[in-house]
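Before any comments, here is the structure.
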Protein chains: 2
Amino acid sequence: MPEEKKISMAVIRRLPRYFRYLHDLLKLDIKRISSRELSERMCITASQIRQDLNCFGGFGQQGYGYNVESLYNEISRILGVDKRFTCIIVGAGNMGTALANYENFKKRGFDIVAIFDVDPAKIGGKINGIDIYSMDTLEDFVKQHKVDIAMLTVPNRTITEVAEKVTSVGIKGIWNFSPHELRLGEDVVVENVHLSDSLMVLGYRLRSKGY
Amino acid sequence: MPEEKKISMAVIRRLPRYFRYLHDLLKLDIKRISSRELSERMCITASQIRQDLNCFGGFGQQGYGYNVESLYNEISRILGVDKRFTCIIVGAGNMGTALANYENFKKRGFDIVAIFDVDPAKIGGKINGIDIYSMDTLEDFVKQHKVDIAMLTVPNRTITEVAEKVTSVGIKGIWNFSPHELRLGEDVVVENVHLSDSLMVLGYRLRSKGY
DNA sequence: TAGATTGTTAATCGATTAACAATC
DNA sequence: TAGATTGTTAATCGATTAACAATC
């Protein structure tokens, strides 16, 4: 990526948040915003906003602030929402079904083109218009279609095997919904959604407040 | 909470991870482990493990390491997996359905006792044996049952209203699946699951590797 | 006892915040 | 021009890592 030097994960994880807030400002028909105003809305410091944005370039103007539309476009470009990713879902259970039905992903550039499962009762069916195929056909499918991301919503006991299978056929991005950590090659990018971890942290925080 | 002084969020968010690894070690019938061995398994430094654990007390023994079972019990107690939380799901869509069917939550102390929705076609039905009630009856329900946590899987445009409703009836814990940030009272604990943020970060990281 | 490993203090590193000169 | 606000450097803060005395 020609996106300059090394951007810290802390900054990267804030990008979608900037994107959301700018999207809202656009919809509110607000034309310009200063780092101070945005900091009040987002509950972070103006300093941090200016530091974060300057990782990618000087998008503002002294004495004026930032043009909302052009900043939104810049953040969109940085996040690559114009680029498209081809995705498959592995595991047609409840979570897989929820993901397949989630319309926002397509808007953000993520196209779900197929679902895979081992259950003969599910294979051949569709979810939200997307075909469910047998796991046995995954390799052939990936040979014929470029697949960027596998969304893994399989049972915990099969996650390691499935993750190895999808990476062995060349998929580089894994969206992992199992609690297990995946140890895969250096070239594979894994994003974890650890639901029970999140819930346990909520429980801890509630108890530490005395509830 | 009598859990000593101030524990940083960074440490708290690592607790479920320790919990998982210790659970696995127990199942592997491993009796003792040193911070060095655990650090290799978890891919973090032994120093960090010792620092983290010492936020809560000295669970180890010089020259020996940590007893897996007793450390597991300590972490369980800290995370409060023995304590029970009463939860409701608001929004019986695909994500709500997925959560209602997720059996692990109960094992971790989170009991889902009711689901609420506005759709007359869904009200009166059940998901995984849990009744779906009308949103109009939420207030009465919470008056009759102590509810600790509301899991919010409602459409984005209604999230603010729903979050205000559940907090106004005294629910202190919110598990928020909408992309919106909730601005609620100081006494309310919110954990966010921002799925599209996570996916966008995955996309960013893939592109920054040149895929 | 000798070896191993913790608990804990000190050093380092990185991220956040403050400050301000540059400039629109 | 005067006022406002950025871009950027410096200061602070917090988290991670290293080191080692204590001790099992």
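Below, chains carry the letters A, B, ... as their sequence lines are ordered, and counting in each starts from 1.
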Which part of the nucleic acid, if any, lies within contact of Ser47(B), taking any heavy atom under 4.0 Å across all strands shown: a base, the sugar-phosphate backbone alone, or nothing?
-> base
Starting at CD of Gln62(A) and ending at C1' of dG7(D), how long is that distance when rounded to a whole Å?
-> 6 Å
How many Å lie between CD1 on Ile49(B) and P on dA18(D), as a whole number?
-> 13 Å
In the strands shown, is dC13(D) matched to any nucleotide by a Watson-Crick or G-U wobble pair with both distances under 3.5 Å, and which?
-> dG14(C)
Give every residue pair that meets the side chain to side chain donor-acceptor pair (under 3.5 Å) criterion with at least one member in residues 166-177 of chain A, sequence neighbours excluded.
-> Lys172(A)-Asp187(A), Trp175(A)-Ser198(B), Asn176(A)-Ser178(A), Asn176(A)-Asn192(A)
Which residues, if any, of residues 16-29 of chain B bring a heavy atom under 4.0 Å of DNA chain D?
-> none
Paired with dA19(C) by Watson-Crick or G-U wobble geometry, both distances under 3.5 Å: which nucleotide is it?
-> dT8(D)
Within 45° of the ring axis of Tyr66(B) and under 6.0 Å from its six-membered ring centre, is that where the NZ or CZ of Arg32(B) lies?
-> no
Interatomic distance, Gln61(A) CD vs dA22(C) P [rounded to whole Å] = 18 Å
What residues, two or more places apart in sequence or in another chain, satisfy salt bridge (Lys or Arg N to Asp or Glu O under 4.0 Å) together with Lys31(B)?
-> Asp29(B)
Pairs flagged by salt bridge (charged side-chain N to carboxylate O under 4.0 Å, His left out) wherever residues 143-154 of chain B is involved - sequence neighbours left out = Glu139(B)-Lys143(B), Lys146(B)-Asp148(B)
Spacing between Leu38(A) atom CG and dA4(D) atom P, to the nearest angstrom = 20 Å
When the ring centroid of Phe85(B) is compared with that of Phe110(B), is the distance short of 6.0 Å?
-> yes
Starting from P on dC20(C), measure out to CZ on Arg36(A) and report it in whole angstrom.
-> 19 Å
Is any NZ, NE, NH1 or NH2 atom of the basic residue among Glu191(A) and Arg13(A) found under 4.0 Å from an Asp or Glu carboxylate oxygen of the other?
-> yes
Using a cut-off of less than 4.0 Å, is there contact between a side-chain N or O of Arg50(A) and OP1 or OP2 of dG7(D)?
-> no
Between Ile44(B) (CD1) and dT17(D) (P), how many Å, whole number?
-> 9 Å
Integer-rounded Å distance: dT5(C) C1' and Asn67(B) CG | 15 Å
Complement of dC24(D), any strand, by Watson-Crick or G-U distances under 3.5 angstrom = dG3(C)
Below 4.0 angstrom, N of the basic side chain to O of the carboxylate: do Arg36(B) and Glu40(B) qualify?
-> yes
Which residues pass the salt bridge (Lys or Arg N to Asp or Glu O under 4.0 Å) test with Arg183(B), sequence neighbours left out?
-> none
Which letter, B, S or -, goes with each nucleotide of nucleotides 10-16 of chain C from 5' to 3', with contact meaning a protein heavy atom under 4.0 Å?
-> B----SS
Between Tyr66(A) and dC24(C), is there a side-chain N or O to OP1/OP2 distance below 4.0 Å?
-> no
Expressed in angstrom and rounded to an integer, what is the separation of Phe56(B) atom CZ from dT6(C) atom C1'?
-> 18 Å
So, do Tyr18(A) and Ile49(A) sit near enough that their side-chain heavy atoms are less than 4.5 Å apart?
-> yes
